[in-house]
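Encoded as structure tokens, the structure appears first; notes follow it.
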Amino acid sequence: MNGLYYLPLGGTDEIGMNMYLYGYGPEGNQRWIMVDCGIGFPDEGVAPGIETMTPDPAWIAGQRDKLDAIIITHAHEDHIGAIGTLFDKLKAPIYCTAFPAEIGRRKMEEAGHSPKNIKVTEPNTPVQIGDFEITFFPMTHSVPETSALIIRTPVGTVFHTADFKIDPDPIYGSTMDKEALRKLGEEGVLALVCDSTNVFEPGRAGGEKTIQDSLRKVIAGCKGKVAATTFASNVARLKTLADAATANERAVIVAGRAMSRMIQAGERTGAAAGFSDTITEDQARDLPNENLFYLVTGSQGEGRAAMARIASGTHPVVSLERGDTAIFSSKTIPGNEVEVARIYNKLVERGVEVIDSSMADIHVSGHACRDEIEEMYLLLKPKYAIPMHGEPRHLAEHAESALKWGAAQSFVVTNGEMLHIAANGPRKVDEVHTGRLYRDGDLIVGAQDGVVRDRKRMALNGHIAISVILDDDGQLVVESDVRATGAPKKTGRKGGTFEEQIAQAVDDAIESMPAKKRSDDGALEDMVSQTARRKANRLWGKKPETVVFITRLEDD
Ligand SMILES: [Zn+2]
Ligand SMILES: [Zn+2]
């Protein structure tokens, strides 16, 4: 019998790397659509050297002939960021509206795929994909042109909110059409799959325009140069900042390609047209400091972004000094506090005044707070609640609250769990493999492949390489050679350097080994490695990673 299935592969154990599958058909032989294909940013401590990660789509990639579409709700990296890197594995047409399409085409090109794989859809115009009828429904959020999805199937309708807030008077685009949602609710909504990011925040997120006055006042109080940062994709905020600067007779300079690209995409697609006039960095040279306003990237403390480089005095164009001001029109995402604090401190050390959203009303969230989430339930009256876009604690809180907001049942479904959404009661029917893929330099590796695990062990305990040279009787030809990296040189004990003492221990062990065992490379390697680690532990209190090279010389 045909049924409707929901299976998140990413986005429901974390805030980030969103990837949700919806299936329709007989159990075990459904056809699928993917909603969003995003990246996440792992913690440096968890995955050193890894800047971005994606969900591991192996389960659906292994049956990609059954994947009919990838649907992108909006242009945030946690929703669109992986379309280029994962396209090879998925090879399904990508559907989205004009603004995310503009951003997505570039990602496809960068990954060596044809941008023609992206099909531009119109809001409020249904697209039929297999048994799914999908309508992109305009929502307000912190990037232009965000769409919720009305997913109609033969067994009922799912409303997938994507990321949203309810901004009654947005800067770009129109406000959420509550009347249309009320009608949809009357038609009947089987399940609401809903953003959980701000489920712990009471009240409402607040409209983008509510911070205009406050930003204007803050900038009016600044004396020297001003550099303001926010997410590059928040074109409405960039406009709010630019307008507030212009009102204070400051010329606006956009420093950084990521921001320029977003503004241009907004202009080209019409999703965020009419951005304030800006001047180039060259034109800015002739203006006095009090007439300058820079829009820069790096609100989350990203090491290579403009604000970090300004803070360390290494930005090629923008320099802030005593009397200048840095404005963070943003909220620090949990996990980035240390990096952001480091940049604040560096700026303050330079004599720069730092103003953030804890000191003035210069930021509103892009995600619905409790009252707005509740409003979605009241409008749509879904039978079932399925929280998404959250860590387990967000999902659990949301699932409990949904019952108070009128849902008959709610389900916490986390990455890899398959829910059969049936009118007579959903149930979990399967658990599939999911995980994380890391982008490591130019390559993609599995989080479990051992690359990052080995790197972490080396970072914590150092590494030693041991070269052992034997003749064909299994006797040592020379003393073994040890090279240690990330380990001490001296040990504070008699008997030579750290390397020398390990080499001595290895040679003693080899000589006391029975000749037969010594002729077996595997046994010899294990013994050398164990001896070296044991000796290192005695000298240093740590067991380094080891690699052993065995050379056997032929007698002629
Ligand atoms: Zn998101
Ligand atoms: Zn978003």
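The shown structure was predicted, so the numbers you read here are calculated from the model rather than taken from an experiment. As the structure lists them, so they are numbered: ligands from 1, and atoms in each ligand from 1.
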**OP:** Give the name of the N/O/S atom in Asp78 that lies closest to the Zn ion (ligand 1).
**Re:** OD2
Original post:
CG of Asp68: more than 12 outside heavy atoms within 6.0 angstrom?
Top reply: yes
Original post:
Parallel, tilted or perpendicular for His141 and His74, by the 30°/60° rule?
Top reply: perpendicular
Subject >> N/O/S atom name from Asp163 that is nearest to the position of the Zn ion (ligand 1) >> reply: OD2
Original post:
Which angle, to 10 degrees, forms at the Zn ion (ligand 1) with NE2 of His389 on one side and NE2 of His79 on the other?
Top reply: 100°
**OP:** Tell me which N, O or S atom of His76 sits nearest to the Zn ion (ligand 2).
**Re:** ND1
Subject >> Residues forming a salt bridge (Lys or Arg N to Asp or Glu O under 4.0 Å) with Arg342, sequence neighbours excluded >> reply: none
Original post:
Nearest to the Zn ion (ligand 2), which N, O or S atom of His74 do we find?
Top reply: NE2
Original post:
Got a sec: does the NZ of Lys428 have more than 12 other heavy atoms crowding it under 6.0 Å?
Top reply: yes
Subject >> Considering only N, O or S atoms of His141, the one closest to the Zn ion (ligand 2) >> reply: NE2
Subject >> With sequence neighbours excluded, residues passing salt bridge (Lys or Arg N to Asp or Glu O under 4.0 Å) with Arg204 >> reply: Glu375
